[in-house]
Visitor: 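Below you'll find the structure I mean.
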Amino acid sequence: MLSEPRSGRLAAWGNSLLAGLVSPDEAVLAIVGDDAVHRVEGLPGEEGPVGLTLALGRLRALGVAGWRVALPAPGHPLGLSGPPEFNARALEVEEAVVGYGAPFGLVPEVYEAGPDGAERPEDTHVEVVWHCLPVREAPPADVPSLGEAERELAEALREATVVLTRLDVAASGPVAEAALDAYRARAEAGREVLAPGYPPRAVRVLELAQRVGLLISLAYSPAYGTGGAHGGAVSASEMAARAEALRPVERVARRAQVAAFNAWVEERERDRG
């Protein structure tokens, strides 16, 4: 959870585009990010994949008035509303976007190519195909309000710190330092956490969710060891203990991410009464 899911970027910038706050080119550039290209397959009226700009415009014409995010995990259909076929595909990749106002959803499929053992992102060519599928128009599963998410996250951050201390997880070592340096670099670069049009509280909640996600990602790393200033090897039993202890915290962080990305649509629902 050190970076936004692709579904989050599509929903955030897709919503900003729908609000007229960014141009189609700006939205697509932000959604694609470091990937090479994004296409949409299964769009009504199209026989093959089409570009993201055309797809977003077509879906708007078909009635999509907003985009929500789903970040499901096994046993937790977070943000999904059905039908089973869409849910199964979203669960397989653990993310999707769900249209608001028209029954369409998008699930990404990622294709990567590059030299064996490539360690730098720039050495890997990434293409994404979004599969357009029918969705059920119903409230998304288990998505909290921004207020609920913020309260849950504050408690989760405290719990994560206590858990990592109890498990004697060292907050140093090369893996931890590299992750923290990357996080600081992104923050210092002034990256836009969400797209124009989102309320400040949503930005705050997403940033906090990413901080919790950073702790979780570090704790799950085998190189992020226990004991001593430099970390060390982690046994299978120790990793299992970490996973068990942090699973509830991870669930809270995912719920908060979805609440933040979905805040644009939720505000419009409230405005309409």
Side-chain angles (χ1 to χ4, degrees), residues 1-16 18 31 38 40 42 56 59 63-110 128 130-153 156 193-195 197-199 201-210 212-213 216 247-270:
M1 203 179 291
L2 300 183
S3 61
E4 294 80 19
R6 288 181 173 88
S7 56
R9 293 203 307 266
L10 192 150
W13 288 91
N15 286 334
S16 192
L18 287 168
I31 293 167
H38 284 212
V40 178
L56 291 175
L59 288 165
V64 172
W67 293 104
R68 288 186 170 110
V69 171
L71 297 178
H76 188 204
L78 176 62
L80 296 175
S81 57
E85 295 80 6
F86 181 82
N87 288 4
R89 190 146 197 170
L91 182 57
E92 185 177 348
V93 296
E94 299 191 349
E95 65 172 306
V97 289
V98 179
Y100 167 70
F104 300 102
L106 301 172
V107 181
E109 184 173 4
V110 180
V128 179
W130 294 88
H131 296 275
C132 184
L133 301 164
V135 297
R136 182 178 297 147
E137 294 186 272
D142 198 37
V143 179
S145 68
L146 274 178
E148 291 170 334
E150 194 167 29
R151 289 191 295 273
E152 290 177 1
L153 271 174
V193 177
L194 282 169
Y198 273 80
R201 191 174 201 177
V203 176
R204 188 167 67 245
V205 167
L206 184 57
E207 287 178 328
L208 186 54
Q210 290 172 345
V212 173
I216 293 169
R247 192 169 291 116
V249 182
E250 186 176 29
R251 185 185 182 103
V252 167
R254 284 192 301 107
R255 276 166 46 87
Q257 269 202 312
V258 172
F261 285 122
N262 292 6
W264 190 90
V265 169
E266 306 313 322
E267 276 202 341
R268 273 135 197 83
E269 282 195 322
R270 284 196 299 271

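For reference, positions follow the sequence shown, starting with 1. Computed from a predicted model, the values in this text were never measured in an experiment.
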Visitor: A70 and L80: which non-hydrogen atoms are nearest, and at how many Å?
Guide: CB-CD2, 3.5 Å
Visitor: Locate the shortest heavy-atom distance separating C132 from V40; write the atom from each residue and the value.
Guide: CB-CG1, 4.2 Å
Visitor: Can you confirm whether N87 sits close enough to P72 that some side-chain heavy atom of one is under 4.5 Å from a side-chain heavy atom of the other?
Guide: no
Visitor: Below 4.5 Å, heavy atoms only, C-beta onward: do W67 and L59 meet side chain to side chain?
Guide: yes
Visitor: Would the distance check show the side chain of N15 and the main-chain N or O of G66 forming a donor-acceptor pair, the cut-off being under 3.5 Å?
Guide: no
Visitor: Do D142 and H76 come within less than 4.5 Å of each other through their side chains, counting heavy atoms only?
Guide: yes
Visitor: Mark yes or no for whether R89, through its side chain, and V107, through its backbone, hold a donor-acceptor pair below 3.5 Å.
Guide: no
Visitor: State whether the side chain of Y198 and the backbone N or O of W264 hold a donor-acceptor pair below 3.5 Å, judged by distance alone.
Guide: no
Visitor: Working to the nearest 0.5 angstrom, can you tell me the gap between L153 CG and E207 CD?
Guide: 12.0 Å
Visitor: From F86 CZ over to L106 CG, what is the distance, rounded to the nearest 0.5 angstrom?
Guide: 7.0 Å
Visitor: Hey, is R6 close enough to E95 for a salt bridge, meaning N to O under 4.0 Å?
Guide: no
Visitor: Looking at every non-hydrogen atom in both residues, tell me the closest pair between R201 and G147 and how far apart they are.
Guide: NH2-CA, 3.4 Å
Visitor: Would you name the heavy atoms of A96 and S7 that are closest together and state the gap between them?
Guide: O-CB, 3.5 Å
Visitor: Name all pairs fulfilling the salt bridge (charged side-chain N to carboxylate O under 4.0 Å, His left out) condition that reach into residues 68-85, sequence neighbours left out, sorted by first residue then second.
Guide: R68-E266, R68-E269
Visitor: Taking the side chain as C-beta and beyond, is there a heavy-atom pair between V212 and V252 under 4.5 Å?
Guide: no
Visitor: Going from CG on N262 to CG on L146, what distance comes out if it is rounded to the nearest 0.5 angstrom?
Guide: 9.0 Å
Visitor: If I compare all heavy atoms of A260 with all of A202, which pair ends up nearest, and what's the gap?
Guide: CB-O, 3.5 Å
Visitor: How about E150 and S145: do any of their side-chain heavy atoms sit closer than 4.5 Å?
Guide: no
Visitor: If only atom types and distance count, is the side chain of S16 paired as donor or acceptor with the main-chain N or O of G197 below 3.5 Å?
Guide: no
Visitor: Tell me the closest heavy-atom pair linking A209 and A256, and the distance in Å.
Guide: CB-CB, 4.0 Å
Visitor: Please report the interatomic distance CG(L194) to CG(L206), rounded to the nearest 0.5 Å.
Guide: 5.0 Å
Visitor: Which value, rounded to the nearest 0.5 Å, describes the distance between I31 atom CD1 and W13 atom CH2?
Guide: 9.0 Å
Visitor: With rounding to the nearest 0.5 Å, note down the distance linking CG in L71 to CZ in R255.
Guide: 12.0 Å
Visitor: Counting only heavy atoms not in E109 (residues, nucleotides, ligands), do more than 12 fall under 6.0 Å from its CD?
Guide: yes
